[in-house]
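Computed over heavy atoms, backbone and side chain alike; hydrogens, waters and symmetry mates excluded. Keep in mind that this is a model prediction, so the values were computed, not measured.
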Amino acid sequence: MLETALYRYFHYTKFRPGQKEAVTVLLQGQDFMAVLPTGSGKSLCYQLPAYLKDGVVLIVTPLISLMEDQLASLQKNGEKRGVVLNGNLKEEDKIYVLNHLNKYKFVFLSPEMLMQEKVLSRLQSHHIALFVVDEAHCISQWGIDFRPEYRNLKYAKQRLNNPVTLALTATATAKVKEEIKSALLDKDAVEFCDSVDRPNVSLSVLFTRAKLEELKRLLSAATGSVLIYCATRKKVEELYYQLKKDYIVGYYHGGLDSSQRRLLQQQFIQDHLQFLVCTSAFGMGVDKPDIRMVIHYDLPDSLENYMQEIGRSGRDQKDSDAVLLYQLQDEKIHYFMQQQAQQERELFEFQIRHQAVKNLTELQEKWLQQTKIFGKDAFLEKLEQNELEKKKKLEQMLEYIYYKGCRREFLLSYFGENLTKVPNRCCDYHGLAKISVGLKEKEFHFSPKKDAWQEILLKMFKEEK
DNA sequence: CGGAAGATGATTAATCATCTTCCGGTGCATTAAT
C-alpha cells in the first residue's frame, strides 16, 4: 500500500490532495501534471515514487536558488543522494557528477544545463526513473523568447528514452496547461488541478493619482508582512528610499547579486523586514505563510503574473488583501518593453533572412540556436506569435482593471474556474467600496480598518440567511 | 511613452521655470579581462 511507503519514507499517515494520484499514475508509467498551490507538498509527488523505482530522478528547475533550497530540504530529511548541477560548480565537479550518476538519486538542473550535449549524452546512458519539471508554467511564460531551452524539453525527453514525466506548477490557465502538455507530456497524461481560488484574499483596484500617499496609508494600517511590486528596478529603489524614512523596508530586484537576494529573502521571511519592495524577480519558491498584503504599485503585464504575485499572500488562510494601485497610462511601460522586444526580433529576422548575422545580442544568439532545431521559418513564426500573445495578455490585464463586476469571478474565469466558494472577502473601491458575498454586492465608503470589512460582511451574511 | 535628474536661462545671486537627456523585466551559462 502506498500509505505504508508514505509512512516509511516521510512519516506521514495521510496523502494531501493530488499526491496519491500523482504517485499512483507515475508508478503505472504514465505522465502526470499537478497544479497545486505552493506549500501543499508538490515535491512529495516525485520524492515518493523516486524511492519506489530504480534509477535516477532528474528535476528541471528554473532557478539555481530553488535547486539549492530543494537539495537542502532533502538533506534535512536525511537524504544524502541529492546533487545540483549548475554553472556555479567547478568544471571538474560537474564532470565528476556526470561520471558517477549512479551514486545519486536526485539530480537538480536547469533546462540550459540539460540541453548541453555533453550533459545529455552522459545522462542518456542511464536509466532515468522520473523526469520532473518544476514550475512548469515557465514553459509557457519564458519558453519561447526568454529562455527558449524550456521548449526543448521534449527533445531532451526523447534523448533520455522517454522517461515518465511529472509537470508541477501552482497556477496555470487552460491554455498554459495545454502548452505544458504539448511541449512536454504524452497524450495519455493524467492531470490533477486544485482550485487557484483564494477566498481569504480580497481583490481591489484603486484608481489614484497620489500613489505614494495611498501606499503610505495602506502600510500604516498594515498588520503584517507586505510585498510591494513595481514594474522597474529604478522604481523599486526610488520607492525604497521614500519608504525607508518611516518604515523598516528592504528592496529586491534582478540587479542584486545572489548572496544579497538570499539575505533579503531570509530577512523578509524571518520578519526582520516587514515590507519588501520588489520587481517580478521576487517570489518563485518563496513560501512565507503570513504575507498579509500584496500591493501592486505598478501594473503587472499579465493576469498570469498577477495571480502568481497575489497568490503569495495569505497562505495561512487568514484574511489578506491584494491591492492594485492604478493610474492612467500605467501600461505604457509595458508597451515600451514590448516594442523594444519587437525591434530586437525584427532585427534578428532581417539578419537571418539576409544571412548577415553579426553582433547578435545574447538572446538573439539563443534564437539562432533555436532556428537550427525548429527550422528558420517555424521558429520566427513562433517568436512573432508569442509577441502577439503578450500584447493580448496585457490587454486582458487592462480589462480586469476596468471590470465593473466581481473581480474574483473575472480572475477565476480567466483560469477556467467558476465562483463556487463564498469568499471571506471580496472588495473593491473606486472612492467607494464594493463588497460582495457570493454574488451579492453592496457599496459603502472605504475605511482601511479591518473591523469595518468584517462588520459589513457579517451583516451581509445575516441578510443572505 | 513618462518620470526623474541634470542643464540652462532669466532675473537681479540664489531661486524658479523650462528644456534636454536618459532609461526601462524575468535567468541560465560562459568567457574575457582585471
**Prompt:** Say you pick atom C1' in B/dC28 and the same atom in B/dA7; how far apart are they, in whole Å?
**Reply:** 41 Å
**Prompt:** How far, in whole Å, is B/dG25 from B/dT20 if one measures between their P atoms?
**Reply:** 26 Å
**Complete:** Rounded to whole Å, the CG-P distance (A/L328 to B/dG2) equals 10 Å
**Prompt:** Taking atom C1' in both B/dA14 and B/dT8, what distance in whole Å separates the two?
**Reply:** 15 Å
**Item:** A/D377: side chain to side chain donor-acceptor pair (under 3.5 Å) partners, not counting sequence neighbours
**Value:** A/R353
**Message:** Test of understanding: with side chain to side chain donor-acceptor pair (under 3.5 Å), list the residues that count as partners of A/Q124, not counting sequence neighbours.
**Reply:** A/R159
**Message:** Between B/dA29 and B/dG24, how far apart are the two P atoms, rounded to whole Å?
**Reply:** 25 Å
**Message:** Taking the C1' atom in each of B/dA13 and B/dT34, what is the distance between them to the nearest angstrom?
**Reply:** 48 Å
**Request:** Could you check whether A/P62 gets within reach of a base, just the sugar-phosphate, or nothing at all, counting any heavy atom under 4.0 Å?
**Result:** sugar-phosphate
**Asked** Does A/F268 have A/K288 sitting over its ring (NZ/CZ under 6.0 Å from centre, angle to axis within 45°)?
**Response** yes
**Prompt:** B/dC28 phosphate, OP1 or OP2: any side-chain N/O from A/Q369 under 4.0 angstrom?
**Reply:** no
**Asked** Rounded to the Å, how far apart are A/F108 CZ and B/dC28 P?
**Response** 15 Å
**Prompt:** Looking at A/Y400 versus A/Y306, is the centre-to-centre ring distance below 6.0 Å?
**Reply:** yes
**Prompt:** Under the side chain to side chain contact (heavy atoms under 4.5 Å, CB included) test, which residues partner A/V84, sequence neighbours left out?
**Reply:** A/M67, A/L71, A/N86, A/L89, A/F108
**Complete:** chi for B/dA13 classified (syn = within 90 degrees of 0, anti otherwise) as syn
**Item:** Between NZ on residue A/K211 and CD on residue A/E213, distance to nearest 0.5 Å
**Value:** 12.5 Å
**Asked** Is the gap between the ring centers of A/Y252 and A/Y240 under 6.0 Å?
**Response** no
**Asked** How far apart are the closest heavy atoms of A/M115 and A/Y155, and which atoms are they?
**Response** CE-CD2, 3.7 Å
**Asked** With the threshold set at 4.0 Å, does a side-chain nitrogen-carboxylate oxygen contact exist between A/K244 and A/E237?
**Response** no
**Complete:** Each nucleotide of nucleotides 29-34 of chain B classed B (base within 4.0 Å of a protein heavy atom), S (only sugar-phosphate) or -, in 5' to 3' order, makes BS----
**Prompt:** Taking OP1 and OP2 of B/dG2, is either one under 4.0 Å from a side-chain nitrogen or oxygen of A/Q329?
**Reply:** yes
**Complete:** Secondary structure of DNA chain B per the Watson-Crick/G-U criterion (both distances under 3.5 Å; [ ] crossing, | other strand, . unpaired) is ((((((((((....))))))))))..........
**Asked** At under 4.0 Å between heavy atoms, what does A/E149 touch on the DNA or RNA strands: base, sugar-phosphate, or nothing?
**Response** nothing
**Asked** Between the main-chain N or O of A/C138 and the side-chain N or O of A/R147, is there a donor-acceptor pair closer than 3.5 Å?
**Response** no
Please enumerate all protein N or O atoms sitting under 3.5 Å from an N or O of nucleotides 23-26 of chain B, with distances to 0.1 Å.
from, atom 1, to, atom 2, distance (Å)
B/dG25, OP1, A/R233, N, 2.8
B/dG25, N2, A/D301, OD2, 3.1
B/dT26, OP1, A/G254, N, 3.1
B/dT26, OP1, A/T279, OG1, 2.3
B/dT26, OP2, A/R233, NE, 2.8
B/dT26, OP2, A/R233, NH2, 3.0
B/dT26, O2, A/W142, NE1, 2.8

**Request:** Verify, without hydrogens or angle tests, whether A/Q364 (side chain) and A/E344 (backbone) share a donor-acceptor contact under 3.5 angstrom.
**Result:** yes
**Request:** Rounded to whole angstrom, note down the C1' distance from B/dA17 over to B/dT11.
**Result:** 11 Å
**Request:** Establish, from distance only, whether the side-chain atoms of A/H296 and A/E309 form a donor-acceptor pair under 3.5 Å.
**Result:** yes
**Prompt:** To the nearest Å, how far apart are A/Y241 OH and B/dA5 P?
**Reply:** 12 Å
**Spacing of the P atoms in B/dT26 and B/dC22 (rounded, Å)** = 23 Å
